[in-house]
Amino acid sequence: GNMQTVMRACLWLGTASHVRIRLAQFRCRALGELQRKAAELPWGHWLSNRVPVALTSRSRRSRVYHTGGISERIYNAISGSLGKPPMLARDEDETVACVTARFEEDVCTISLDATTTPLHRRGYRLDGRKAPLREDIAHALVLASNWSPDSAMLDPFCGSGTIAIEAAGLAMGLAPGRLRPPAMQQTACFDIDAWQAVLEECSSREPVAPIAASDRDQGAVEATRQNAERAGVQHAIQCNVHALAAQPWLEGRDAPTTGTLITNPPYGVRIQNSNNLLPLYQTLGHRIKSLGDGWKAMILAHDMRLARRTGL
């Protein structure tokens, strides 16, 4: 694809962690050979001396195995191509050009990240609470549930609200990468007109069914509200403080006839004895069944013994 294809992928992919542009792939058995072949690449087309460079290297079943040496030789190749050594990244929050070298059985693949940060960093979750679920995993969980935005959704263990926020974004047709800086802006080939053209393709819609998020922790609910506001979906999520058994829909009060419960329940990492959670999972299964045949459930099960206790 062209530059717009790369930008569109960075803006819209919800479950990918990276979009990487393959710059070169070649056989290589020594560090000197690596520097020589890497120096032949048109680094000036991709990189600018004004933007720091972050280099990462991996090696598996290869004669070139020293990852520090791999990064050093590629840095030397970039320096020679640009005419001066580029700055190296010092702060993980600064805008950098991320270059990756991967050796697999004496084959070297050199790639450039299309974004400064991994794609799961959406930009809205500044308060993660305990055991936060990564945004791309939450997005995948919503997709795997086959939830339809014209039916209700409930997360009774919302934590920082990631599942509900990702679901609201899907219901409203919002791009997962809408809050990130423009894709490719850290490269020498960034085209602001191409980025504007990609943004102009975006349109949003109002949600048609309720999305409910609850947690027994007042701090978690407040974090969910703040994260949802940063994500621009606060009006689409009903967020309240409720213990599992006191959640109105799970109590049988005003529950929609169709919907999907999508949740990441506690699983014992921060609780000394996971046996203490067995009654919670039993209650969860019982409450889900009481919602009726119009409801489905998608539970991220870290412990199958606990998952089986739901009776689902």
Side-chain angles (χ1 to χ4, degrees), residues 125 127-135 137-149 151-171 207 209-228 231 233-234 236-271 274 276-303 306-312:
R125 199 181 68 184
D127 191 337
R129 295 289 103 182
K130 294 179 180 178
L133 188 66
R134 234 171 63 169
E135 294 92 322
I137 304 299
H139 195 98
L141 197 62
V142 174
L143 293 179
S145 73
N146 289 322
W147 168 68
S148 173
S151 64
M153 198 225 93
L154 169 64
D155 180 3
F157 302 103
C158 69
S160 57
T162 314
I163 293 174
I165 292 170
E166 291 295 316
L170 284 165
I211 297 173
S214 61
D215 201 287
R216 65 184 302 168
D217 183 350
Q218 173 71 52
V221 170
E222 187 57 36
T224 295
R225 289 172 178 161
Q226 293 175 5
N227 290 336
V233 299
Q234 69 275 15
I237 301 174
Q238 304 170 11
C239 189
N240 294 287
V241 179
H242 293 298
L244 174 65
Q247 207 284 331
W249 293 357
L250 296 178
E251 276 191 324
R253 291 188 282 121
D254 303 321
T257 55
T258 61
T260 305
L261 184 146
I262 310 173
T263 195
N264 175 34
Y267 55 95
V269 168
R270 287 177 170 81
I271 299 174
S274 63
N276 296 335
L277 293 173
L278 290 172
L280 179 70
Y281 277 73
Q282 189 169 1
T283 300
L284 175 61
H286 175 72
R287 296 289 182 172
I288 290 173
K289 289 177 182 178
S290 70
L291 285 169
D293 294 337
W295 278 75
K296 302 177 294 181
M298 173 62 73
I299 300 171
L300 188 56
H302 304 265
D303 184 330
L306 292 173
R308 283 193 291 269
R309 184 54 70 99
T310 63
L312 300 174

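- For the side-chain hydrogen bond (donor to acceptor under 3.5 Å, both in side chains) test, residues two or more places apart in sequence or in another chain that qualify with Ser148 are Asp150.
- With Ile288 as the partner, the side-chain contact (heavy atoms from CB on, under 4.5 Å) test is satisfied by one option alone out of Thr283, Leu154, Thr310, Ile299: Ile299.
- Partners of Ala140 according to the side-chain contact (heavy atoms from CB on, under 4.5 Å) rule, which considers only residues two or more places apart in sequence or in another chain, are Thr15.
- Considering only residues two or more places apart in sequence or on other chains, Leu170 meets the side-chain contact (heavy atoms from CB on, under 4.5 Å) condition with His139, Val142, Leu143.
- Counting all heavy atoms, side chain and backbone alike, Thr224 lies closest to Cys158 at OG1-SG, 3.5 Å.
- Residues Ile237 and Ala213 approach most closely at CG2-CB, 4.0 Å, considering heavy atoms.
- What you find for Leu284 and Pro265 is that their closest heavy atoms are CD2-CG, 4.2 Å.
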**Residue pair Leu250, Leu244: steps toward the side chain to side chain contact (heavy atoms under 4.5 Å, CB included) verdict** = CA-CA 8 Å; Leu250 296 178; Leu244 174 65; 3.5 Å; yes
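- For Gln234, there are no side-chain hydrogen bond (donor to acceptor under 3.5 Å, both in side chains) partners at least two apart in sequence or on another chain.
- Under the 3.5 Å distance criterion, with hydrogens and angles disregarded, a donor-acceptor pair is assigned to the side chains of Asp155 and Thr263.
- Closest approach of Asp215 to Gly159, counting heavy atoms only: OD2-N, 3.1 Å.
- With rounding to the nearest 0.5 Å, the separation of CG in Asn146 from OG1 in Thr260 is 8.5 Å.
- You'll find the side chain of Pro210 reaches within 4.5 Å of the side chain of Pro256, heavy atoms only.
- Pairs passing the side-chain hydrogen bond (donor to acceptor under 3.5 Å, both in side chains) check and including a residue from residues 244-257, sequence neighbours excluded, read Glu251-Arg253.
- Taking CD from Gln226 and SG from Cys239, the interatomic distance works out to 10.5 Å, rounded to the nearest 0.5 Å.
- Across Ser160 and Asn227, no two heavy atoms sit closer than the pair O-ND2, 3.1 Å.
- Within a 6.0 Å sphere centred on CZ of Arg216, other residues, nucleotides and ligands contribute 12 heavy atoms or fewer.
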**Request:** Starting from the C-alpha separation in whole Å, work towards a yes-or-no answer on side chain to side chain contact (heavy atoms under 4.5 Å, CB included) for Thr162 and Arg125.
**Result:** CA-CA 8 Å; Thr162 314; Arg125 199 181 68 184; 3.5 Å; yes
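- Distance check: Leu261 CG to Leu312 CG gives 9.5 Å after rounding to the nearest 0.5 Å.
- With sequence neighbours excluded, the residues satisfying salt bridge (Lys or Arg N to Asp or Glu O under 4.0 Å) with Arg134 are Asp136.
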**side chain to side chain contact (heavy atoms under 4.5 Å, CB included) between Trp295 and Thr258, worked out** = CA-CA 5 Å; Trp295 278 75; Thr258 61; 5.7 Å; no
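- For His302, the side-chain hydrogen bond (donor to acceptor under 3.5 Å, both in side chains) test picks out Asn264, with sequence neighbours left out.
- Qualifying side-chain contact (heavy atoms from CB on, under 4.5 Å) partners for Arg309, counting only residues two or more places apart in sequence or in other chains: Leu278, Tyr281, Gln282.
- Sorted by first and then second residue, the salt bridge (Lys or Arg N to Asp or Glu O under 4.0 Å) pairs involving residues 279-300 (not counting sequence neighbours) form an empty list.
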**Message:** For Leu133 and Phe157: C-alpha separation, side-chain torsions, deciding distance, then whether side chain to side chain contact (heavy atoms under 4.5 Å, CB included) applies.
**Reply:** CA-CA 11 Å; Leu133 188 66; Phe157 302 103; over 6 Å; no
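- Closest non-hydrogen pair, Trp147 versus Ala171, comes out as CH2-CB, 3.9 Å.
- Looking at residues two or more places apart in sequence or on another chain, you find no side-chain hydrogen bond (donor to acceptor under 3.5 Å, both in side chains) involving Gln238.
- Note: Asp303 CG to Leu277 CG = 8.5 Å, rounded to the nearest 0.5 Å.
- In this structure, CD1 in Ile262 is found 11.5 Å from CD in Glu166, a value given to the nearest 0.5 Å.
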